[in-house]
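What follows is one structure encoded as structure tokens, with my remarks underneath.
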Amino acid sequence: MNPDQLADHLYAIVTRVVERRRGGRGSVDSLVARTDIRLERPRNRDHGDWASNVAMRLAKPLGVSPRELAEEIAVDAGRLEGVASAEVAGPGFINFRLDAGAAGVVAKVILDAGEAYGRNVTQAGSTINLEFVSANPTGPLHIGHTRWAALGDSIARVLKASGAQVASEYYINDAGSQMDKFGASVLAAAKGEPTPPDGYPGQYIADLAAAVLEREPDLLALPDDEALGRAREIAYELQLAEIRQALRDFNVEFDVWFSERTLHAKDPRTDRSLVDDAVERLRAQGHVFDRDGAVWVRTTDFGDDKDRVIRRSNGVYTYFAADAAYYLNKGDRGFRHKIYLLGADHHGYVHRLRALAGAAGDDPDRDIEVLIGQLVSINGAKLSKRAGNIIELTDLQRWLGTDALRYSLSRSPADSPLTLDPELLRSHTNDNPVYYVQYAHARTRSVSRNAQAAGVARSAFAPELLGHETESALLGALQEFPRIVAQAAELREPHRVARYVEELAGLYHKWYDSCRVIPLGEEPVTDLHRTRLWLNDATGQVIRNGLGLLGVSAPERM
RNA sequence: GCCCCCAUAGCUCAGGGGAUAGAGCGUCUGCCUCCGGAGCAGAAGGCCGAAGGUUCGAAUCCUUCUGGGGGCACCA
């Protein structure tokens with residue numbers, strides 16, 4: 001008996017009650033949405049294993065008191081198999097208590113499913129393109145990108161676990177003038193000249209220059225134009241490789257690396273690029289006009305505060321044009337839903353992107369979704385390029401460790417400002433929530449190893465014996481995991497998984513403290529010990545699955 | 001000026017209209033002869049920024065205000 005099954009039974013009972021009272025005039029569905037009949041885990045354990053507010057929702061439309069209605073529902077609900085009791089409490093809650101056996105079967109369900117436990121089909125049928133990071137390949141990733149890398153990757157994972165067809169995608173801005181500035185900066189460094197105006201400063205440019213010279217020793221003997229091109233291309237290749245490696249080391253996997261150059265490349269047969277086509281497609285939709293020699297998109301039709309130029313009067317496309325082409329290309333590749341993860345410093349793009357969807361003939365409310373995340377600060381200091389106190393992703397990783405860094409970035413919602421305390425993250429103690437969770441996992445593994453040595457095996461499974469209060473608390477939390485994953489996917493909030501595994505770890509530690517898996521001294525091994533081993537192993541599996549969704553390791557030992 | 005986000009314990013942060021608002025850290029008190037004490041049990045700590053509104057019920061939804069962060073290019 002899991003909460004979803006119980007909710008189904010409850011719905012059937014409520015349907016009967018409503019029919020009895022209404023005599024066929026008006027169904028349940030006309031009074032309350034099916035999804036509003038939900039079971040929640042009460043905060044207070046005295047309120048049972050699961051609680052429903054359905055009576056309070058229906059009392060008014062039915063014209064009865066919530067408690068009276070709750071009593072009527074509770075009588076039937078109390079007779080359900082697997083339900084030990086259904087009691088009315090407070091203003092009209094119905095509090096359910098499950099039989100230990102009915103609750104305990106989840107341990108077996110989990111171990112049968114293994115890594116698949118938690119997967120669900122709530123997002124089945126949706127095709128989602130999820131774009132994040134997309135940093136210019138003109139320098140290393142810094143902390144500003146780090147949060148989106150952690151978050152975006154975990155969002156992709158929970159979406160996939162919920163049955164969505166997802167492509168996580170990195171848009172490489174490798175076209176345009178910033179690449180030339182980048183190339184010029186590297187070439188200048190190779191020549192030993194100072195950084196050109198508007199160029200990229202930084203030690204990494206000098207390092208790249210050295211690497212470029214190593215690859216192309218005759219670089220400086222080439223004509224200037226050619227040298228610039230070679231420097232730019234080699235440095236680009238090296239820098240992009242470094243970015244990819246940094247993300248791989250951070251357990252961030254992109255399905256697609258999309259080069260902006262793809263959009264500008266002319267098709268040799270038609271001599272047209274995807275950007276050319278995109279502008280014409282928007283024009284055909286009726287949202288493009290010409291003014292002052294430039295081509296504009298009427299983004300104000302879709303809530304933008306001013307119209308945007310897509311092709312300048314000098315004939316050069318703006319960045320917006322590439323954005324449009326890229327957006328259309330995502331749709332052409334079969335992705336109905338496009339998610340963009342942007343930092344708060346880019347929120348000005350939101351209207352523009354939504355306008356793009358509208359101008360392309362899509363529904364801006366349904367086909368495009370822009371997630372805005374707040375910036376991260378360290379020790380209270382905001383980190384920005386302007387302030388010159390950028391910290392690189394790879395430095396942070398080496399400093400704090402991938403697990404601690406990913407976890408701390410993943411355990412808060414994206415729109416919540418986040419301050420990292422490096423001292424705290426470096427501490428390998430309980431100061432650091434990730435260790436609390438990882439320790440719980442390591443402990444399940446240790447118990448499992450010790451159990452084997454002590455002759456306790458999963459040879460018997462008697463869930464009705466799991467009657468201790470810490471056991472019913474742990475079982476209830478284990479039952480919740482699939483809906484936590486589904487919720488994280490639906491809301492694009494992977495931090496819910498982090499908070500969940502923290503709670504689960506806490507419940508496990510409490511259980512461990514009061515219930516032994518391995519008998520003391522000369523006591524005999526009983527089915528209770530064997531069944532507890534199932535529970536121990538199931539808990540380890542769920543913590544492992546949860547951490548996996550966050551890209552954090554679940555160590556066997558610490 | 002216009003737009004977006006935030007405000008909850010001393011600190012860092014959770015809390016999708018429900019019951020007595022939570023966790024970790026920090027402070028204080030207990031618990032290791034036996035499965036990992038990186039743990040557990042307990043104490044203290046709150047006008048959920050302010051004021052209105054919606055609701056049987058608001059930290060949560062709406063409006064206004066205050067305070068903080070960010071953004072408003074024929075840049076990329």
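Order of the sequence lines fixes the chain letters, A, B, ..., with proteins taken first and strands second; residue numbering starts at 1 for each chain.
Contact annotation: A:His509 does not reach the phosphate of B:G36 (side-chain N/O to OP1 or OP2, under 4.0 Å). Under 4.0 angstrom from either OP1 or OP2 of B:G16 there lies at least one side-chain N or O belonging to A:Arg496. Neither OP1 nor OP2 of B:G36 sits under 4.0 Å from any side-chain N or O of A:Arg449. For A:Asn314 and B:C74, the shortest distance from a side-chain N or O to OP1 or OP2 is not below 4.0 Å. Remark: A:Tyr436 is in phosphate contact with B:C40, judged by side-chain N or O atoms under 4.0 Å from OP1 or OP2. Residue A:Lys306 places no side-chain N or O under 4.0 Å from the OP1 or OP2 atom of B:C2. OP1 or OP2 of B:A41 has at least one side-chain nitrogen or oxygen of A:Lys510 nearer than 4.0 Å. An OP1 or OP2 oxygen of B:G37 is reached within less than 4.0 angstrom by a side-chain nitrogen or oxygen of A:Tyr512.
For A:Asp537, the salt bridge (charged side-chain N to carboxylate O under 4.0 Å, His left out) partners two or more places apart in sequence, or in a different chain, are A:Arg458.
A:Glu493 contributes no side-chain N or O that forms a donor-acceptor pair with the base of B:G16 under 3.5 Å. Contact annotation: side chain of A:Asn53 to base of B:G18, donor-acceptor pair present below 3.5 Å. Contact of A:His347 with B:C3 (side chain to base): a donor-acceptor pair of N or O atoms is detected under 3.5 Å. The base of B:A19 does not come close enough to the side chain of A:Asp46 for any donor and acceptor atom to sit less than 3.5 Å apart.
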So which protein N/O to nucleotides 5-9 of chain B N/O distances come out below 3.5 Å?
| from | atom 1 | to | atom 2 | distance (Å) |
| --- | --- | --- | --- | --- |
| B:C5 | O2' | A:Gln374 | NE2 | 3.1 |
| B:C5 | O2' | A:Asp415 | O | 3.1 |
| B:C6 | OP1 | A:Asp415 | OD2 | 3.4 |

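For the residue pair A:Trp511/A:Glu471, the side-chain donor-acceptor check at 3.5 Å is satisfied. Side-chain contact annotation: A:Tyr435 with A:Asp403, donor-acceptor N/O pair under 3.5 Å absent.
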